[in-house]
Amino acid sequence: MSIIKLENVSKSYDDDKFAIQNLSLVVKDGEFLVLVGPSGCGKSTTLRMIAGLESITSGEISIDGQVVNDLSPGKRDIGMVFQNYALYPHMTVEENLAFPLKIRKTNKKSINDKVNEISQLVELNDLLKRYPKQLSGGQRQRVALGRAIIRNPKVFLFDEPLSNLDAKLRTQMRNEIISLQRKLKVTAIYVTHDQTEAMTMGDRIVIMNNGQIMQIGTPDEIYNKPSNLFTAEFIGSPKINIFTVNNISKLGNTLSINDKTKYIAIRPEDLIIDKQGTIASITNIENLGHEFLYQLSMENSKYVVRNNSTLDVNIGQLVGLNINCSRLLQYDEKEELIYD
Ligand code: ADP
């Protein structure tokens, strides 16, 4: 069992500015939690504070009820995987895997057994005698993974582990990491700036901005009920459409808009082109094979419609826009979701 708790954690590197401000969070036992947000929002700092690699300015971090604020990284029982692999270049795969056990003075037989078990788990058994420079990026990341899990840590921490890999390998490793974590049932925190990784890997996602949490939720909640405009615009590709109250009145639907509504957001797949109308002009059409994206301009604002199949329209053509009313999201002047 491993529950990680952060209570009002703050961190300032310089005296005047907070990298993390009053962050509170509970990671459930066995959960795969993803921290996502733009560069500089404080994801790595949060992870490094949990690992003990960075001190905490104020607040409390506990693992399974034990406060770890003053515990050295080695005593926190954490396995960590970084973007740059951090393998020992002068050691073979086998030696890299064995290293965490060797420094804990595990006996030779146990080390051999464990290296065999783990190298099979991360599919490295044919490469044990190779050095890191003789491996591909994906294989190196597997060694880093194996080394992180070999001593059964209570917690896994991942800091952008797939950023150095090409797109195809990233997808493959994404699935490998998730199935490994499900198999081992170890509580994991995964940092990324990539919304696809966040959506596809996380049991829950924490959206961060400026050292604060914007929303915590399942991928479904984050995508379908973003609790603020920042989250709505950060997750989803192409980006969600934002209308002002004035603009929305031009659409074909009769909508019931809340008195407090300042912004209206609608996903590209919930905005519908009406060939009979003339309020927006089509500025571009993208054929992605499995879907079509229609870029539109209306009153100097840009919008995008996603459709599974091609529509019989052309660039420059004037069209109307309708929306799927049940999917309408309304935000107040503080850019927070108005719940109905
Ligand atoms: P992220 O991982 O989301 O890109 P970081 O946690 O690395 O963000 O950084 C959060 C903020 O803290 C940024 O403003 C960054 O410039 C600052 N920061 C990170 N590390 C240091 C450091 N060692 N010294 C001073 N400022 C730092």
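Counting starts at 1 for both ligands and their atoms, following the listed order.
Not a single heavy atom of Gly37 sits less than 4.0 Å from an atom of ligand 1.
Looking only at heavy atoms of the protein, atom 4 (O) of ligand 1 is closest to Gly40 N, 2.7 Å. The nearest protein atom to atom 23 (N) of ligand 1, hydrogens excluded, is given as Tyr13 CE2, 3.6 Å; this is a heavy-atom distance.
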(message) Determine whether Lys302 and Thr283 satisfy the following criterion, side-chain hydrogen bond (donor to acceptor under 3.5 Å, both in side chains), listing intermediate values before the conclusion.
(response) CA-CA 9 Å; Lys302 292 185 177 356; Thr283 56; over 6 Å; no
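Side-chain rings of Phe32 and Phe156 stay apart, their centers remaining 6.0 Å or farther from each other. No close placement of the Tyr263 and Tyr331 rings is indicated, their centers lying 6.0 Å or farther apart.
When distances from atom 15 (C) of ligand 1 to the protein are checked, no heavy atom turns up under 4.0 Å. When distances from atom 9 (O) of ligand 1 to the protein are checked, a heavy atom turns up under 4.0 Å.
Ligand 1 places these atoms under 4.0 Å from at least one heavy atom of Ser39: 4 (O). Atom numbering of ligand 1 starts at 1 in the shown order; those under 4.0 Å from a heavy atom of Ala19 are 11 (C), 12 (O). Near Lys17, the atoms of ligand 1 lying under 4.0 angstrom from a non-hydrogen atom of the residue are 14 (O). Close approach of ligand 1 to Thr45 is summarised as follows: ligand atoms under 4.0 Å from at least one heavy atom of the residue are 5 (P), 6 (O), 9 (O), 10 (C).
Residue-environment remark: CG (Asp332) exceeds the threshold of 12 foreign heavy atoms within 6.0 Å.
Minimum interatomic distance between Tyr294 and Ser309 (heavy atoms only, all atoms of both residues): OH-O, 4.1 Å. Minimum interatomic distance between Leu271 and Val304 (heavy atoms only, all atoms of both residues): CD2-O, 3.7 Å.
The shortest N/O to N/O separation between Ser44 and ligand 1 falls below 3.5 Å.
A salt bridge between Arg204 and Glu221 is absent, with no side-chain N of the basic residue lying under 4.0 Å from a carboxylate O of the acidic one.
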